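Please read the structure below before turning to the comments.
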Amino acid sequence: MNKKNLWETVLAQVQLNVSPANFATWFKNTEIVSQDDEALVVSVPNSFVKEWLENKYQRNILRILHSAGLKVKKIDFTISKATPKTKEVNFSSLPLETEQLQLDVFKRNRKTGLNPRYAFENFVVGGFNELAHAAATAVSREPGQLYNPLFLYGSVGLGKTHLLQAIGNEVNKNFPEKETRYIPAERLTSEIITSIRNGTIEKIKKDYHAADVLIVDDVQFLAGKEKTQEEFFHIFNSLYQKNKQIILSSDRPPKSIPALAQRLRSRFEGGMIADISFPDLETRIAILKTKAQEKDLDITQEICEFLANNIQTNIRELEGALNRILLYQKIRNQHLDIDKIKALVKEFTVSSQGKITPKKIIQIVAEFYDLKENDIISPSRKREIVRPRQVAMYLLRTKLQSSYPFIARKFGGKDHTTAIYACRRVTEELNENEELKKNIDLIKMRFMNI
Ligand code: ADP
Ligand code: MG
């Protein structure tokens, strides 16, 4: 395997665990300069990136290399004199065999934000995503006519972005005259904030008002961003009134997004809401087979079943395991037997599926409700904090069987009767409060992904 291919495949692995924005920031214009048993030398564009990669990513990269059977001891990052300007072109001229590993962020169309890799043709449908898929295809045939907005939600790594992008690509194909725009909510937020600061907000607004199909991914990131919500509300209304299609995704339903203005929430709820749950075994196998075919990798039924049985709740991870096998086979130039694969996957799942600890629970609950961990363990009596705290206590009790005094200690040394009260309260309310039940289910889903 040559240096370029090796780096491509390593990056394909890294990419699975970092956000696209981060990935582009830190890994654009990097490449392997040389490689021997001792060290891998990687050139980077500047000292800022060098320092960051050394501190934050070095270990991860080493781990990927080691698990692929390479015995490199360290990675030296050096600053390249000339930034290779042709980098993006290089990606598209990669040999066919690694084509599927080409890096998403660099393939995005600058104007539409769409990546042609995501299509309906390579999206596997099963009971878990049937409704979302049906709604998505319908909307792509008649944008603006059927469900507006279309709101898809589901846990991480289950195909929301894939579906959203597939709609965009399909619309482009069927209606080339229509302006389609895909944007992650995080990027929309920073665009809006920057443009307000620079006085270019009118231009941005005009841009969005011109869209025929606007796709905003991961709108849970709008939580608490008041200014962005306000601007987005106006964009939304203007498009909606003109029968322009709006498509949104989130990791939870609109009513569970904290700090979302009521008027925006009711807009989000005004069209069609479809959820994506977890794929069953059969579908996981089908997905693996599709992916293996895409990557031109032959895997046996036995291996397929093994992977599908061991990675259940996240399609991205399923794909990650497959990439790992591919990487290994490439470097070693040999096929893997099932034992080797078991070992590889075990490491993969052990490193990504951490144990649930009290700290993790508090962290996940805080994140879910858009609070800081310290808020949850603080003695605050504010309503918006008391409920999440009760939920966290309840989860400690039910997930980890923690004792009440233990729970009380974890939450800033409260009296253990507070913990008893919290758990009882949540247990009772679960029977009658649909929203609470939904939220706790969603939080539990997140545990499956640690
Ligand atoms: P999400 O946006 O929900 O976090 P993604 O859309 O990024 O998830 O999906 C993660 C990975 O899994 C992507 O590579 C995507 O292509 C793949 N994937 C998800 N669902 C399916 C599916 N039903 N069929 C084929 N591939 C899928
Ligand atoms: Mg996504």
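Predicted model only: the values in this text are computed from it and were never measured. As the structure lists them, so they are numbered: ligands from 1, and atoms in each ligand from 1.
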Exercise for the section: Report the C-alpha separation of K437 and E434 in whole Å, then their side-chain angles, then the decisive distance to 0.1 Å, and conclude whether the salt bridge (charged side-chain N to carboxylate O under 4.0 Å, His left out) test is met. Expected result: CA-CA 5 Å; K437 185 169 173 316; E434 260 308 303; 5.6 Å; no

Problem - Any Q165 heavy atom less than 4.0 Å from ligand 1 - result: no

Handout entry: Polar contact flag for F123 and ligand 1 (N/O pairs, less than 3.5 Å)
Key = no

Practice task
Heavy atoms only: give me the nearest I443-V365 pair and the separation to one decimal.
Solution key: CG2-CG2, 4.2 Å

Handout entry: Evaluation steps, side chain to side chain contact (heavy atoms under 4.5 Å, CB included), between Y369 and D375
Key = CA-CA 11 Å; Y369 287 103; D375 290 337; over 6 Å; no

Fill in the blank from the handout: Near N129 (heavy-atom distance under 4.0 Å), the atoms of ligand 1 are 23 (N)

Problem - Number of protein N, O or S atoms [distance to the Mg ion (ligand 2) under 2.8 Å] - result: 1

Problem - Test side chain to side chain contact (heavy atoms under 4.5 Å, CB included) applied to L260 and F268, step by step - result: CA-CA 10 Å; L260 183 69; F268 287 0; 3.9 Å; yes

Handout entry: Exercise: do K289 and Q301 side chains pair donor with acceptor under 3.5 Å
Key = yes

Fill in the blank from the handout: On a heavy-atom basis, the closest approach of P253 and K438 is CG-CG, 4.3 Å

Practice task
Please state whether H133 comes within less than 4.0 angstrom of ligand 1, counting heavy atoms only.
Solution key: no

Practice task
Report yes or no: does G157 have a heavy atom closer than 4.0 Å to ligand 1?
Solution key: yes

Handout entry: Enumerated ligand 1 atoms positioned under 4.0 Å from heavy atoms of G159
Key = 1 (P), 3 (O), 5 (P), 6 (O), 8 (O), 9 (O), 19 (C), 20 (N)

Handout entry: Where ligand 1 meets N122 - atom numbers and elements under 4.0 angstrom, heavy-atom basis
Key = 24 (N), 25 (C)

Fill in the blank from the handout: A student comparing H162, E294, R284, E317 should find that the heavy atom closest to atom 15 (C) of ligand 1 comes from H162

Practice task
Kindly confirm or rule out an N or O of V124 lying under 3.5 angstrom from an N or O of ligand 1.
Solution key: yes

Which donor-acceptor pairs under 3.5 Å do the side chains of residues 122-138 make with protein atoms, sequence neighbours left out?
| residue | atom | partner | partner atom | Å |
| --- | --- | --- | --- | --- |
| N122 | OD1 | A119 | N | 3.2 |
| N122 | OD1 | H162 | NE2 | 3.1 |
| N122 | ND2 | R117 | O | 2.9 |
| N122 | ND2 | E294 | OE2 | 3.2 |
| N129 | OD1 | G126 | N | 2.9 |
| N129 | ND2 | V124 | O | 3.1 |
| T137 | OG1 | H133 | O | 3.1 |
| T137 | OG1 | A134 | O | 2.9 |

Handout entry: salt_bridge(E191, R187) N-O dist < 4.0 Å
Key = no

Completion exercise
For residues 165-187, the ring pair (Phe, Tyr, Trp, His ring centres under 6.0 Å) pairs (sequence neighbours left out) are none

Donor-acceptor pairs under 3.5 Å, side chain of residues 232-244 to any protein atom, not counting sequence neighbours: which ones?
| residue | atom | partner | partner atom | Å |
| --- | --- | --- | --- | --- |
| N237 | OD1 | R267 | NE | 2.8 |
| K242 | NZ | H209 | O | 3.0 |
| K244 | NZ | D212 | OD1 | 2.8 |

Practice task
Of the side chain and backbone of V125, name the one, both, or neither that has a heavy atom under 4.0 Å from an atom of ligand 1.
Solution key: neither

Problem - Flag side-chain contact, heavy atom, 4.5 Å: T161 against P184 - result: no

